[in-house]
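Shown next, in structure tokens, is the structure this report addresses.
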Amino acid sequence: MESTTLHYKARVTIQSRRAGEEPLFQQILRAVSAHFIHSVGFEGMPDFERFCLGGHYISEDKSVKMGWASHRQDSLIQWGGRLRVRDPEYARRDWTVDIAIRQLDENSYKLYFAEHTCDHMVDCFMAPPPPESNFMPFLEFLLRDDDFECVDANYPIPATALELAANLGTFVKIVKDETRTLPVMLITCTDLLNPHRVECHTTGNMFVFFSKDKASLDNLRTMLPAKFSFGVDAVNIFTPGFPTTRVIPAAEVHRLGEEKLIEMYVQAYCRNLRREEFRDFMSYDDIVRLRHMERQSLTERVVENLRDTHASLRSKITEQQSQIDALEARLRAASDKLDRNLEEELHEYERVLSECMTRKDNRDRLLDAITDSLYDPTHRIAPLHSGDEAIEKLIFAIGLRLASSYFLVENKKSRTPA
């Protein structure tokens with residue numbers, strides 16, 4: 001059985017302090033990369049371009065595991081990374097740092113930080129020792145960066161506790177701002193509770209102010225509405241979303257002690273998520289899930305497009321098959337018509353050829369008869385009605401020539417004396 005405990009969380013908005021050579025997103029990721037390297041000091045850190053996109057790393061002894069992923073939604077960048085390290089003092093415990101970055105607009109990003117432990121208690125009879133984080137305080141590292149600043153409701157989150165007298169106007173604005181998400185602590189019993197220690201243990205989760213000047217408190221009382229009441233010589237917490245103040249008087253602070261109070265504040269504000277924080281909190285798993293959903297959506301779109309293409313192709317194939325069938329039918333009809341025309345032409349050619357052969361035979365017969373008549377002087381050539389105009393003209397011409405020759409001979413004989 002595994003026992004997971006949230007050790008520290010934070011949710012801050014990051015804005016650029018000044019225009020730099022790199023985009024703000026890359027500046028933040030360089031800070032995250034530096035935190036991972038400083039935390040475990042391993043050499044498996046990928047190159048920065050790969051770190052911006054996605055990947056994973058596992059050390060040879062599997063004591064260090066890291067995964068990171070990126071995603072774009074509506075042209076806004078989302079990135080998540082998870083670093084899991086085995087506790088060097090307690091082998092059954094893994095420390096996990098989960099960081100997610102969500103772009104809000106062109107100039108601001110939301111950063112989510114969670115550090116928790118996972119104790120593997122199977123076959124273990126001893127209670128696990130209390131966790132002691134070995135990680136560098138990441139939020140303090142961010143708050144002290146020179147390139148960007150962490151804000152809540154556009155108010156910079158300080159990396160140290162602030163004195164009320166020098167920041168009275170800022171304090172009033174923050175307390176009265178209904179859009180802030182972090183509580184504001186005002187410590188007026190600094191002899192019992194060190195404000196700098198409180199800020200160090202709750203970095204990124206509250207604004208810590210302190211006051212040793214009664215005049216500043218009197219001025220503050222006149223500047224705040226009556227609903228924001230506070231106690232003098234006490235610890236005052238102005239909670240977000242509620243116009244109320246939680247007041248712990250000095251006597252209670254003295255009774256509980258500084259260590260107990262700090263542990264209480266860490267437990268209340270750094271290890272638990274309010275309902276609205278829980279709904280908004282983003283992790284590495286969310287980025288992976290969004291990437292999976294995007295890929296699944298892309299796959300579904302591709303499949304849908306393929307189905308549409310397949311249906312369109314089937315429709316075109318059906319249409320083309322219909323056209324092919326129509327063309328084949330036309331071709332068969334044309335072929336049948338051509339066969340019939342060829343058969344008719346063939347019959348016509350045979351008829352014409354038969355007529356020609358008949359005429360040839362008749363001409364041969366007539367020519368033979370004429371030839372015989374010419375060789376036989378006793379045979380008289382009589383007109384023939386052959387039906388062949390050319391032959392009849394030939395017979396008629398031969399007859400005239402022969403008759404003419406005959407009359408010339410007879411005439412010559414009659415003129416010759418006996």
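Since we're looking at a predicted model, the values are computed, not measured. Note that the numbering runs from 1 along the sequence shown for the chain.
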Which heavy atom in [X] sits nearest to a heavy atom in [Y], and how many Å separate them?
{"X": "K65", "Y": "K62", "answer": "CE-O, 3.9 Å"}
{"X": "T188", "Y": "G231", "answer": "OG1-O, 3.6 Å"}
{"X": "T4", "Y": "C118", "answer": "OG1-SG, 3.9 Å"}
{"X": "N272", "Y": "L6", "answer": "N-CD2, 4.2 Å"}
{"X": "L142", "Y": "C150", "answer": "CB-SG, 3.9 Å"}
{"X": "A31", "Y": "F148", "answer": "CB-CZ, 4.1 Å"}

Could you tell me if the side chain of [Y] sits less than 4.5 Å from the side chain of [X], heavy atoms only?
{"X": "I99", "Y": "Y284", "result": "no"}
{"X": "D94", "Y": "D87", "result": "no"}
{"X": "V175", "Y": "F230", "result": "no"}
{"X": "L83", "Y": "V64", "result": "yes"}
{"X": "S70", "Y": "R291", "result": "yes"}
{"X": "E163", "Y": "S211", "result": "no"}
{"X": "S312", "Y": "K316", "result": "yes"}
{"X": "E149", "Y": "I14", "result": "no"}

Closer than 4.0 angstrom, basic N to acidic O: yes or no for [X] and [Y]?
{"X": "D325", "Y": "R330", "answer": "no"}
{"X": "D286", "Y": "R289", "answer": "yes"}
{"X": "D119", "Y": "R92", "answer": "no"}

Is it true that W95 and H116 have ring centroids separated by less than 6.0 Å?
no
So that I know where these two stand, are F171 and F238 an aromatic pair - ring centroids less than 6.0 Å apart?
yes
Are more than 12 heavy atoms from other residues, nucleotides or ligands located less than 6.0 Å from atom [atom1] of [X]?
{"X": "M223", "atom1": "CE", "value": "yes"}
{"X": "R351", "atom1": "CZ", "value": "yes"}
{"X": "R246", "atom1": "CZ", "value": "no"}
{"X": "E60", "atom1": "CD", "value": "no"}
{"X": "H56", "atom1": "NE2", "value": "no"}
{"X": "Q267", "atom1": "CD", "value": "yes"}
{"X": "E178", "atom1": "CD", "value": "no"}

I need the [X] [atom1] to [Y] [atom2] distance, nearest 0.5 Å.
{"X": "F228", "Y": "R221", "atom1": "CZ", "atom2": "CZ", "result": "14.5 Å"}
{"X": "H7", "Y": "T117", "atom1": "NE2", "atom2": "OG1", "result": "7.5 Å"}
{"X": "Y109", "Y": "F25", "atom1": "OH", "atom2": "CZ", "result": "6.5 Å"}
{"X": "R102", "Y": "T13", "atom1": "CZ", "atom2": "OG1", "result": "8.5 Å"}
{"X": "I187", "Y": "H196", "atom1": "CD1", "atom2": "NE2", "result": "9.0 Å"}
{"X": "D98", "Y": "T96", "atom1": "CG", "atom2": "OG1", "result": "8.0 Å"}

Show the numbers, then the answer: is there a side-chain hydrogen bond (donor to acceptor under 3.5 Å, both in side chains) between Q15 and N154?
CA-CA 9 Å; Q15 298 175 347; N154 292 323; 3.2 Å; yes
E140 and R144: CA distance, side-chain angles, deciding distance, salt bridge (Lys or Arg N to Asp or Glu O under 4.0 Å) verdict
CA-CA 6 Å; E140 183 178 353; R144 296 185 183 278; 3.1 Å; yes
Pair E300, R307 - check salt bridge (Lys or Arg N to Asp or Glu O under 4.0 Å), show working.
CA-CA 10 Å; E300 291 175 354; R307 287 176 179 171; over 6 Å; no
Would L182 and R11 count as a side chain to side chain contact (heavy atoms under 4.5 Å, CB included) here? Give the steps.
CA-CA 9 Å; L182 298 182; R11 184 185 60 154; over 6 Å; no
Taking the inter-plane angle between the rings of Y112 and F281 on a 0 to 90° scale, is it parallel (under 30°), tilted (30 to 60°) or perpendicular (over 60°)?
perpendicular
Let's go through L327 and L331 carefully: what are the C-alpha distance in whole Å and the side-chain angles of both, what is the deciding distance for side chain to side chain contact (heavy atoms under 4.5 Å, CB included) to 0.1 Å, and is it a yes or a no?
CA-CA 6 Å; L327 290 174; L331 181 62; over 6 Å; no
Would you find a donor on one side and an acceptor on the other, under 3.5 Å apart, between the side chain of [X] and the backbone of [Y]?
{"X": "T309", "Y": "N305", "value": "yes"}
{"X": "Q103", "Y": "I77", "value": "yes"}
{"X": "T318", "Y": "R314", "value": "yes"}
{"X": "N167", "Y": "T170", "value": "no"}

Side chain to side chain contact (heavy atoms under 4.5 Å, CB included), that's the test. Do R82 and D285 meet it? Break it down for me.
CA-CA 9 Å; R82 175 173 291 166; D285 290 333; 2.9 Å; yes
Might you work through the side chain to side chain contact (heavy atoms under 4.5 Å, CB included) test for V235 and M185, ending with a clear yes or no?
CA-CA 7 Å; V235 176; M185 177 179 287; 4.1 Å; yes
Could you go step by step and tell me if R180 and D152 meet the salt bridge (Lys or Arg N to Asp or Glu O under 4.0 Å) rule?
CA-CA 6 Å; R180 66 181 171 90; D152 179 52; over 6 Å; no
Just do the side-chain hydrogen bond (donor to acceptor under 3.5 Å, both in side chains) check on R295 and T299 with the steps written out, would you?
CA-CA 6 Å; R295 291 177 178 177; T299 302; over 6 Å; no
Could you pull out every donor-acceptor pair under 3.5 Å between side chains of residues 200-209 and any protein atom, sequence neighbours left out?
| unit_1 | atom_1 | unit_2 | atom_2 | d |
| --- | --- | --- | --- | --- |
| H201 | ND1 | R197 | O | 2.9 |
| T202 | OG1 | V198 | O | 2.7 |
| T203 | OG1 | E199 | O | 2.9 |
| T203 | OG1 | C200 | O | 3.2 |
| N205 | OD1 | K9 | NZ | 3.2 |
| N205 | ND2 | Y8 | OH | 3.4 |
| N205 | ND2 | K9 | O | 2.8 |
| N205 | ND2 | T203 | O | 3.4 |

